[in-house]
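Reading through the structure tokens given below for one structure.
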Amino acid sequence: MKISIHLGVTNPETNQFAYLEAIRSYCDLADEVVIVDGGTTDGSIEKIRAISDKIRVVQFPWPQDHWTWDQFGRTLNAGYKECTGDWAIKVDLDYVFHEKNIPKLRETLEAYLNAPIPPALVQLDKYQFMLADRYFPKAKMPLIVNKRDYGDKITWGVGFDDIDFSFPVEVKGMIKGLEYGSSARHWGNLIQNGGCPIYCYDLTFMTEDLLSKRRPGYDEAKARFMFPQNGEKYAKGLVS
């Protein structure tokens, strides 16, 4: 069994992510870690490469100004397509695996892979940190795709029954050059539970100054995709 992890990064040190600790946890779990670099200039990529020879960096430019929300889907697909494992796990840079859960997760995934009908997806319980030693269950996330058996049917993109681009979809067609389909979360018995959590520290380490600079760009990007005619005004609250 081979496990791949894929994620996108752009200047993680400048953006105050605990990226080295997070990526080390990915290397502890996976046999291959695909880093999709959006155009890092702060020296982070060199530090990431030094963590492990499991890491492979691919370039996929992230627009610096006036990007739209579908860039997430494009970046996810760029990493997913590079994964060579039986399982392809999508993570964000603010996710970490606890070392005590890694053996159990690998054991669970191997059992699923050898089942008479292997699942298409495996979901993890997402726990959100509040403090270093305080967290709460937030959501169930279908982050692990069975690429061996369903790789030609599942991709990351726009679910027409869901406006969030962070979920795998059964491919149907294209929207603005990005694959779309039915959200794979509705596949019922083809989704199983990994039996352990993934922890999310979210924006915990960002200063108030950085948050004030970054957050408006996210709001504008989503509005520009959803309302292309007046997305910028919508994001700024000038129209409704």
Side-chain angles (χ1 to χ4, degrees), residues 1-60 62 72 75-76 78-110 113 122-139 141-145 147 156 166 194-207 210 214:
M1 180 185 68
K2 182 177 181 180
I3 296 176
S4 299
I5 286 180
H6 63 101
L7 68 150
V9 306
T10 305
N11 291 326
E13 190 158 316
T14 299
N15 290 315
Q16 300 172 354
F17 284 103
Y19 68 102
L20 295 177
E21 291 84 351
I23 293 174
R24 287 190 187 103
S25 80
Y26 309 153
C27 291
D28 287 342
L29 169 63
D31 303 290
E32 168 187 64
V33 178
V34 177
I35 304 289
V36 182
D37 179 24
T40 295
T41 58
D42 65 359
S44 303
I45 294 299
E46 289 73 17
K47 294 179 181 180
I48 289 171
R49 281 197 173 102
I51 293 174
S52 171
D53 57 7
K54 294 180 179 180
I55 292 172
R56 182 157 50 91
V57 178
V58 298
Q59 300 297 322
F60 192 81
W62 186 283
F72 283 115
T75 297
L76 288 175
Y80 176 71
K81 290 174 182 176
E82 291 286 331
C83 290
T84 61
D86 301 301
W87 298 102
I89 305 177
K90 172 259 179 182
V91 295
D92 293 331
L93 196 53
D94 58 342
Y95 293 177
V96 294
F97 291 97
H98 195 289
E99 59 186 10
K100 70 179 182 181
N101 295 319
I102 288 174
K104 175 64 182 299
L105 181 54
R106 286 194 65 97
E107 178 183 327
T108 299
L109 292 179
E110 187 157 17
L113 208 60
V122 175
Q123 64 185 14
L124 298 175
D125 296 323
K126 179 180 176 181
Y127 284 12
Q128 179 75 49
F129 277 110
M130 294 182 292
L131 299 170
D133 58 349
R134 295 289 186 273
Y135 51 84
F136 61 93
K138 186 174 183 179
M141 306 287 287
L143 300 173
I144 308 177
V145 175
K147 194 170 185 183
W156 293 86
S166 297
C196 73
I198 189 169
Y199 296 90
C200 177
Y201 62 81
D202 202 12
L203 308 176
T204 302
F205 302 108
M206 287 190 183
T207 62
L210 182 60
R214 286 179 55 86

query = Where do T40 and G43 come nearest, in terms of heavy atoms and distance?
reply = CG2-N, 4.5 Å
query = Do the side chain of D202 and the main chain of Q128 share a donor and acceptor less than 3.5 angstrom apart?
reply = no
ask   = Quick one: does NZ or CZ of K147 land under 6.0 Å from the six-membered ring centre of Y80, within 45 degrees of the ring axis?
value = yes
inquiry  = Whether the side chain of Y26 engages the backbone of V91 through a donor-acceptor N/O pair (distance < 3.5 Å, no angle test) should be reported.
reply    = no
task = Give the minimum heavy-atom separation between A22 and L93, together with the two atoms involved.
result = CB-O, 3.6 Å
ask   = Can you tell me how far the CG atom of L29 sits from the CD1 atom of I3, to the nearest 0.5 Å?
value = 5.0 Å
message = Show, in sequence, the C-alpha distance, side-chain angles and deciding distance for I23 and I35, and conclude whether the side-chain contact (heavy atoms from CB on, under 4.5 Å) test is met.
response = CA-CA 9 Å; I23 293 174; I35 304 289; 4.1 Å; yes
request  = Measure across S25 and I102 and return the closest heavy-atom pair with its distance rounded to 0.1 Å.
outcome  = O-CD1, 4.0 Å
query = Are any non-hydrogen side-chain atoms of Q16 and T207 less than 4.5 angstrom apart?
reply = yes
ask   = Looking only at heavy atoms, which two atoms of G194 and L105 are closest? And how far apart?
value = O-CD1, 3.9 Å
request  = With sequence neighbours excluded, tell me which residues meet ring pair (Phe, Tyr, Trp, His ring centres under 6.0 Å) with Y199.
outcome  = Y127, F129, Y135
message = Please give me the minimum heavy-atom distance between W156 and P142, naming the atom from each residue.
response = CH2-O, 3.8 Å
ask   = Nearest 0.5 Å, what's the OG-CG distance between S4 and D31?
value = 7.5 Å
query = Ignoring hydrogens and geometry, is there a side-chain-to-backbone donor-acceptor pair from E32 to R56 under 3.5 Å?
reply = no
Validation: residues 45-52 side-chain donor-acceptor distances under 3.5 Å, sequence neighbours left out:
unit_1 : atom_1 : unit_2 : atom_2 : d
K47    : NZ     : E13    : OE1    : 2.9
K47    : NZ     : E13    : OE2    : 3.2
S52    : OG     : K54    : N      : 3.0

request  = Would you give the length of the straight line joining atom CG of L20 to atom OG of S44, rounded to the nearest 0.5 angstrom?
outcome  = 7.5 Å
Closest contact, heavy atoms only, P103 versus K100 = CD-O, 3.9 Å
request  = Rounded to the nearest 0.5 Å, what's the gap from CD1 on I89 to CG on L7? Could you check?
outcome  = 11.5 Å
note = Rounded to the nearest 0.5 angstrom, the CE-CG distance for M141 and L124 is 9.5 Å
key: Side-chain heavy atoms of F17 within contact of V9, under 4.5 Å   = no
ask   = Are side-chain heavy atoms of D28 and F97 found at a separation under 4.5 Å?
value = no
ask   = Roughly how far, to the nearest 0.5 Å, is OG1 of T108 from CG of N101?
value = 10.0 Å
query = Between D37 (side chain) and Q59 (backbone), is there a donor-acceptor pair under 3.5 Å?
reply = no
